[in-house]
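Structure record follows, encoded as structure tokens.
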Amino acid sequence: MTEDIKESFEKTRIAGSLAAGALDEVNKIVRPGISTEEIDNLCYEFINDHGAYSAPLFYRGFPKSCCTSTNHVVCHGIPSKKVLKDGDILNVDVTAFKDGWHGDTSRMFEVGEISIKAKKLIETTYEAMMKAIRILKEDVQLGDIGSTIQLHVESKGCSVVQDFCGHGIGQTFHKEPNILHYGKKQTGEKVKEGMIFTIEPMINLGNYETKILSDGWTAVTKDKSLSAQFEHTVGITKEGYEIFTQSKS
Ligand code: MF3
Ligand code: CO
Ligand code: CO
């Protein structure tokens, strides 16, 4: 591994663990009655207190420090005064920018008691992301990542959102390549040692189609079915991969 790659991994490890740490803090306060704005404030404070910036804040005009996406919201939900209620499922997506490098991660949170089908959706989404991560090493093709996710998700009767994808990340928040969460095995670009990107599948209980609300950000399922997402930032090595956004708790 070159010195450049070592340095980029070290910096991403720091930004990534900060982003994961913010979600660990969110986990302590999620409950019915709390607003998504309170979650946003916590992320903002935690990341700032650790000498970093929240990359989403003012990114292409996004108004908040994290994305909070509940129930049928697929991604890019905007934190607001709206309070969480018993039975909601929530994705919180945070990106820390520290010392010139980004770490991007999201997780699902259960608010109070959630339905069995919601639990199954969350479990399927997490498994799909982890299955795709576990195949990573130099020369794996991008189509192998997509097809691993799609096969798993469709075997469980759920669908893969196609309108949003994972992305290269580093000194820039979003860069090439696009990481599609569906596709065909043995197609596409080969990943190389030192590449850093996100895998962040959005999975719906119903149809895969989405639309954007009039705020210009909030993406929802067209059929109003529940949607879940997890995201890790990963780096490719000759023999495998490193997850930079693993929770410590
Ligand atoms: N964190 C999101 C991602 O995974 C991007 C959010 S951009 C924002 O790529 F502007 F909506 F915050
Ligand atoms: Co991302
Ligand atoms: Co993200």
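Counting starts at 1 for both ligands and their atoms, following the listed order. If you read the sequence from its start, that first residue is 1, and numbering goes on from there. The model shown is predicted, which means the values in this text are computed figures rather than measured ones.
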D93 OD2 to E231 OE1 via the Co ion (ligand 3), rounded to 10°, gives 90°

Which ligand 1 atoms, with their elements, are less than 4.0 angstrom from a heavy-atom of [X]?
X    : result
H167 : 3 (C), 4 (O), 9 (O)
H174 : 3 (C), 5 (C), 9 (O)
W217 : 8 (C), 10 (F), 11 (F)
P56  : 12 (F)
C67  : 6 (C), 11 (F), 12 (F)
F173 : 1 (N), 5 (C)
E200 : 3 (C), 4 (O), 9 (O)
T95  : 1 (N)

Strictly under 6.0 Å, is that where the ring centroids of [X] and [Y] end up?
X    : Y    : value
Y59  : H174 : yes
H76  : F164 : yes
F244 : F9   : yes

| task | State whether D104 contributes an N/O/S atom found under 2.8 Å from the Co ion (ligand 3). | result | yes

Going only through I, L, V, M, F, W and Y residues with side-chain contacts under 4.5 Å, is there a path from L23 to M108?
no

We want to know whether [X] and [Y] form a side-chain donor-acceptor pair, criterion being a heavy-atom distance below 3.5 angstrom.
X    : Y    : answer
T95  : D104 : yes
E189 : Q141 : no
S106 : N91  : yes
T2   : D4   : no
E176 : H167 : no

Checking heavy atoms under 4.0 Å, the part of R60 that sits near ligand 1 is neither

Under 4.0 Å between heavy atoms, the region of V94 that gets near ligand 1 turns out to be neither

Counting only nitrogen or oxygen atoms and a 3.5 angstrom limit, does E231 reach ligand 1? yes

Counting non-hydrogen protein atoms only, what is the nearest one to [atom]? Give residue, atom name and distance.
atom                   : answer
atom 7 (S) of ligand 1 : Y59 CD2, 3.8 Å
atom 3 (C) of ligand 1 : D104 OD2, 3.4 Å
atom 2 (C) of ligand 1 : D93 OD2, 3.4 Å

Do any N/O/S atoms of H174 come under 2.8 Å of the Co ion (ligand 2)? no

- Item | Pairwise side-chain contact, I39 with L42, heavy-atom cut-off 4.5 Å (strictly under) | no

Discussion item. Within the 4.5 Å heavy-atom criterion, are F197 and V234 side-chain neighbours or not?
Written reply: yes

Row for the Co ion (ligand 2): angle OE2 (E200) to NE2 (H167), 10° precision, value 90°

